[in-house]
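Below is one structure, written out as structure tokens; comments come after it.
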Amino acid sequence: MKQLYLSLKEAGLMFKGHTEQGEVDFILCETYENGTTASVDVNTFETLFGDVEGNPTYEALSGSHTFKLEATQYTMTAEEMGYQKYFDQWKEQGILN
């Protein structure tokens, strides 16, 4: 994932933000016309997509992922989670191969 994060940072899609856990890294997903943004913190991203940590390619990220939130295990595709459109954009920008 480190290479993905470096590529996202180079593209201006990573920023630091503050949460209850202190300062954390965020991935900028989208900026809306009114100036608000959609983002995900790196810890959440790794919870959802940690199963492809060693090989975060477009194909791997676009597939089905199994993850656990609290005591419940889920299996969902990137499309079902709402991330596919961002992976598509990252592929177009050359961030993902």
Side-chain angles (χ1 to χ4, degrees):
M1 291 281 204
K2 289 185 183 195
Q3 183 57 50
L4 173 59
Y5 298 149
L6 286 172
S7 296
L8 288 168
K9 188 173 186 172
E10 287 174 9
L13 297 176
M14 296 280 297
F15 65 94
K16 298 247 185 233
H18 292 278
T19 69
E20 295 171 359
Q21 291 81 29
E23 188 175 73
V24 296
D25 290 317
F26 282 85
I27 300 169
L28 176 64
C29 296
E30 192 167 355
T31 301
Y32 302 104
E33 288 181 22
N34 66 3
T36 61
T37 61
S39 61
V40 60
D41 66 90
V42 167
N43 292 335
T44 300
F45 188 82
E46 289 181 355
T47 297
L48 300 176
F49 300 101
D51 58 338
V52 298
E53 183 175 355
N55 189 30
T57 62
Y58 174 79
E59 189 172 307
L61 286 166
S62 296
S64 183
H65 303 276
T66 300
F67 55 91
K68 197 170 193 174
L69 295 176
E70 296 180 8
T72 306
Q73 184 167 305
Y74 300 89
T75 299
M76 300 173 76
T77 65
E79 184 72 40
E80 291 170 318
M81 289 187 270
Y83 285 92
Q84 188 62 51
K85 64 182 177 180
Y86 307 124
F87 299 156
D88 292 345
Q89 292 169 1
W90 296 352
K91 183 176 175 137
E92 286 176 24
Q93 295 171 18
I95 294 168
L96 289 175
N97 54 15

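Sequential numbering from 1 along the given sequence is applied to the chain's residues.
Lys68 is not listed as a side-chain neighbour of Tyr74, based on a closest heavy-atom distance of 4.5 Å or more. The closest side-chain heavy-atom distance from Ile95 to Gln89 is not below 4.5 Å.
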- Message: Test side chain to side chain contact (heavy atoms under 4.5 Å, CB included) on Ile27 and Tyr86; report intermediate values, then the result.
- Response: CA-CA 11 Å; Ile27 300 169; Tyr86 307 124; over 6 Å; no
- Query: Could you go step by step and tell me if Glu46 and Phe67 meet the side chain to side chain contact (heavy atoms under 4.5 Å, CB included) rule?
  - Reply: CA-CA 10 Å; Glu46 289 181 355; Phe67 55 91; over 6 Å; no
- Query: Can Asp88 and Gln84 be said to form a side chain to side chain contact (heavy atoms under 4.5 Å, CB included), step by step?
  - Reply: CA-CA 6 Å; Asp88 292 345; Gln84 188 62 51; 2.9 Å; yes
- Task: Could you walk me through whether Thr37 and Glu30 pass the side chain to side chain contact (heavy atoms under 4.5 Å, CB included) test, one step at a time?
- Result: CA-CA 6 Å; Thr37 61; Glu30 192 167 355; over 6 Å; no
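Residues passing the ring pair (Phe, Tyr, Trp, His ring centres under 6.0 Å) test with Tyr83 are Phe49, sequence neighbours excluded. Residues forming a side chain to side chain contact (heavy atoms under 4.5 Å, CB included) with Thr75 (at least two apart in sequence, or on another chain): Ser64, Thr66. Every residue two or more places apart in sequence or in another chain that forms a side chain to side chain contact (heavy atoms under 4.5 Å, CB included) with Asn97 is listed here: Thr57. Residues satisfying the side chain to side chain contact (heavy atoms under 4.5 Å, CB included) criterion with Asp41, sequence neighbours excluded, are Val24, Phe26, Asn43, Thr44. Applying the side chain to side chain contact (heavy atoms under 4.5 Å, CB included) rule to Glu53 yields the partners Met1; only residues at least two apart in sequence or on another chain are considered.
Using modelled atom types and a 3.5 Å distance limit, the side chains of Thr72 and Glu70 yield no donor-acceptor pair.
Here Met81 contributes atom CE and Phe87 contributes atom CZ; the two are 7.0 Å apart, rounded to the nearest 0.5 Å. Taking CG from Leu61 and NZ from Lys91, the interatomic distance works out to 11.5 Å, rounded to the nearest 0.5 Å. Here CG of Leu13 is found 11.0 Å from OG of Ser39. Values are rounded to the nearest 0.5 Å.
Counting only residues at least two apart or on different chains, the salt bridge (charged side-chain N to carboxylate O under 4.0 Å, His left out) pairs with a member in residues 3-24 are Lys16-Asp25.
In this structure, the side chain of Ser7 engages the main chain of Gln3 through a donor-acceptor pair within 3.5 Å.
Contact between Asp51 and Leu48 at its shortest, heavy atoms only, is OD1-O, 4.2 Å. Scanning all heavy atoms of the two residues, the minimum distance from Gly54 to Pro56 falls at C-CD, 3.8 Å.
No more than 12 heavy atoms of other residues, nucleotides or ligands lie within 6.0 Å of CD in Glu59, so this atom counts as exposed by the packing criterion.
There is no path of hydrophobic side-chain contacts, each under 4.5 Å, that joins Leu6 to Tyr58.
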